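Lettering of chains follows the sequences in order, A, B, ..., and the numbering in each one begins at 1. All values derive from a computational prediction rather than experimental measurement.
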Protein chains: 2
Amino acid sequence: MNQPGESLRDRKKRRTRAALERATVRLAAERGYDHVTVEEIAAEADVSVRTFFNYFASKDEALIGADPEAGPRMAERILAFPGTTTPFEAYRSSVLAEITEELDNARDLWLLRKEVLMQRPDLLVRAFANSAESEQLLADAVGRRAGLPRSHVYPRLLVAAGSAAFRCAVTRWASDDSVALGELVSEALDLFGTGLAHAPRHHEGGS
Amino acid sequence: MNQPGESLRDRKKRRTRAALERATVRLAAERGYDHVTVEEIAAEADVSVRTFFNYFASKDEALIGADPEAGPRMAERILAFPGTTTPFEAYRSSVLAEITEELDNARDLWLLRKEVLMQRPDLLVRAFANSAESEQLLADAVGRRAGLPRSHVYPRLLVAAGSAAFRCAVTRWASDDSVALGELVSEALDLFGTGLAHAPRHHEGGS
DNA sequence: GATCGTTTTGCAGTCACTGCAACTTTGCAG
DNA sequence: CTGCAAAGTTGCAGTGACTGCAAAACGATC
């Protein structure tokens, strides 16, 4: 029994991971992030505390549900775009695709996360702290597409801008979710694309 | 004895704070950030552990030496620029002024911090997590200058870009400090200003 | 069903961080 | 100088995140 598809073992692992993520978000939304202990989360997911830490390096990580495959996946997508696409566009599309997919898979989780992040915006920043490797991966992909030497700022800056765009978008979305999260990220990235030197004019109904 | 200048109390507080910051950075650079306990830091600075936490909310914060007055100071500077200055320029200058000043006051500390951040880049990200208030302050200042409603993305995005620029600059500076940190931040901010849509061309010796 | 690799678990330990209640120091006024 | 209030320091006891290790349970394989 070893179809490249998924063994029983793999399935169990995925379920456990999902259960822990889900329990963390649910409980945190219900009672507030720091009125929930890892012990309670583990109990809710029906595993030991030690197992929690086998899956997530920290409580923070579990709340955001950091997917270790997201980085590689996006990097691959960036490189897969046809050569005519600019690095910026490739990165932009890649980010948006990831977000759309994630929201399709777990919209309910994100609605709960929203509640938590409204109370504790710092958790979003902290979440990105652990993803330095992924950032490096993405930066390398962008750098390769742009034909730039590894030491160049541009790729790193673009990726950092992506994080910033995402953070801002989530924050905005948390306080008013009448616009889709993907839209907000897209809007923020566009601003980074065209440059921040000139502040947008204010007209009624504008964003 | 109460010149608005500084009382004995204030002077002592400043000295203690500086001693703790200094001890944290020095020890972390020497033995590695997580081979240093708060207990050791406190001992080095000749105060109790409890006092350490009266000054800094976390070990992370002490390492970066988060100055609680930096936010307000920069916000003030932004608003003080003549009305002809664009919000972007006001923000940019304000950030650069702060960095230059900080480096003039404590260049040696930053050289040690560099060592630590090279090993643990995540600490830089974490450091910004605690400065959500300051970011809000700056964003408000930018927003006022730009005459935008509080809900607009632009101010928040610009400030987030500033953090990103700073992070990238420090990272680069850590791996090669032949260029001044201020220069690197300036360069990164310029890229954000003119837009990331088009990747820069690569020519030898270029940055 | 014996065996091997993987995952789960418990346990003991370390360390960051907090609230509280005493104690010390500083600033000021009589 | 003395006494008093406010601010700052300290110790202590406690909570909870996180780690390493070694044993047990489990899944895959033959």
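Straight-line distance from the CG atom of A:D34 to the C1' atom of C:dT18: 12 Å, rounded to whole Å. Look at NE2 on A:H35: it is 14 Å from P on D:dT15, rounded to the nearest Å. As rounded to whole Å, 13 Å separates atom C1' of C:dC15 from atom CG of B:D60. Atom P of nucleotide C:dC17 and atom NZ of B:K59 are separated by 8 Å, given to the nearest angstrom. When rounded to the nearest whole Å, the span between CZ of A:R14 and P of C:dT7 equals 15 Å. Following rounding to the nearest Å, B:F53 (CZ) and D:dG11 (C1') show an atom-to-atom distance of 15 Å. At whole-Å resolution of the value, CZ in B:F52 and P in D:dG8 are 18 Å apart. Atoms CD (A:E39) and C1' (C:dC11) sit 13 Å apart, rounded to a whole Å.
A side-chain donor-acceptor contact under 3.5 Å links A:S186 and A:R92. Using modelled atom types and a 3.5 Å distance limit, the side chains of B:E101 and B:N105 yield no donor-acceptor pair.
A cation-pi arrangement is absent between A:R107 and A:W110, since the terminal nitrogen or guanidinium carbon is not both under 6.0 Å from the aromatic centre and inside a 45° cone about the axis. Taking the centre and axis of the six-membered ring of B:F56, the NZ or CZ atom of B:R17 falls inside the cone set by 45° and 6.0 Å. For the pair B:K59 and B:F52, the cation does not sit on the ring face, since its NZ or CZ is not both under 6.0 Å from the ring centre and inside 45° of the axis.
Ranking C:dT18, C:dT8, D:dT10 by closeness to the A:T51 side chain, first place goes to C:dT8.
The residues B:R172 and B:E187 are annotated as salt-bridged, a charged nitrogen and a carboxylate oxygen being separated by less than 4.0 angstrom.
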Would you mind building the protein contact string for nucleotides 21-27 of chain D? One character per nucleotide, 5' to 3', B for base within reach (heavy atoms under 4.0 Å), S for sugar-phosphate only, - for untouched.
B----BB
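For B:K13, the NZ atom is loosely surrounded, since the number of other residues' heavy atoms within 6.0 Å does not exceed 12.
Side-chain N/O atoms of B:Y55 include none lying less than 4.0 angstrom from OP1 or OP2 on D:dG8. OP1 or OP2 of D:dT10 has at least one side-chain nitrogen or oxygen of B:S48 nearer than 4.0 Å. A sub-4.0 Å separation between OP1 or OP2 of C:dC15 and a side-chain N or O of B:T37 is absent. Within the 4.0 Å cut-off from OP1 or OP2 of C:dT7, at least one side-chain nitrogen or oxygen of A:K13 is found.
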Side-chain polar contacts of residues 156-163 of chain B - donor-acceptor pairs under 3.5 angstrom, sequence neighbours left out - could you list them?
unit_1: B:R156; atom_1: NH2; unit_2: B:S151; atom_2: O; d: 3.2
unit_1: B:S163; atom_1: OG; unit_2: B:E135; atom_2: OE2; d: 3.1

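C:dA29: Watson-Crick or G-U partner is D:dT2, with both key distances under 3.5 Å.
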Go through the steps to decide whether A:D60 and A:S58 satisfy the test side chain to side chain donor-acceptor pair (under 3.5 Å), and finish with yes or no.
CA-CA 5 Å; A:D60 292 4; A:S58 67; 4.9 Å; no
Kindly indicate, with the supporting measurements, whether the criterion side chain to side chain donor-acceptor pair (under 3.5 Å) is fulfilled by A:T85 and A:R145.
CA-CA 9 Å; A:T85 318; A:R145 276 207 73 103; 4.5 Å; no
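For the segment residues 112-127 of chain B, the set of residues with a heavy atom within less than 4.0 Å of an atom of DNA chain D is empty.
Here A:V47 lies in heavy-atom contact (under 4.0 Å) with sugar-phosphate atoms only.
Map A:N54 and B:V36 each onto its nearest nucleotide of DNA chain C; the residue landing nearer the 5' end is A:N54.
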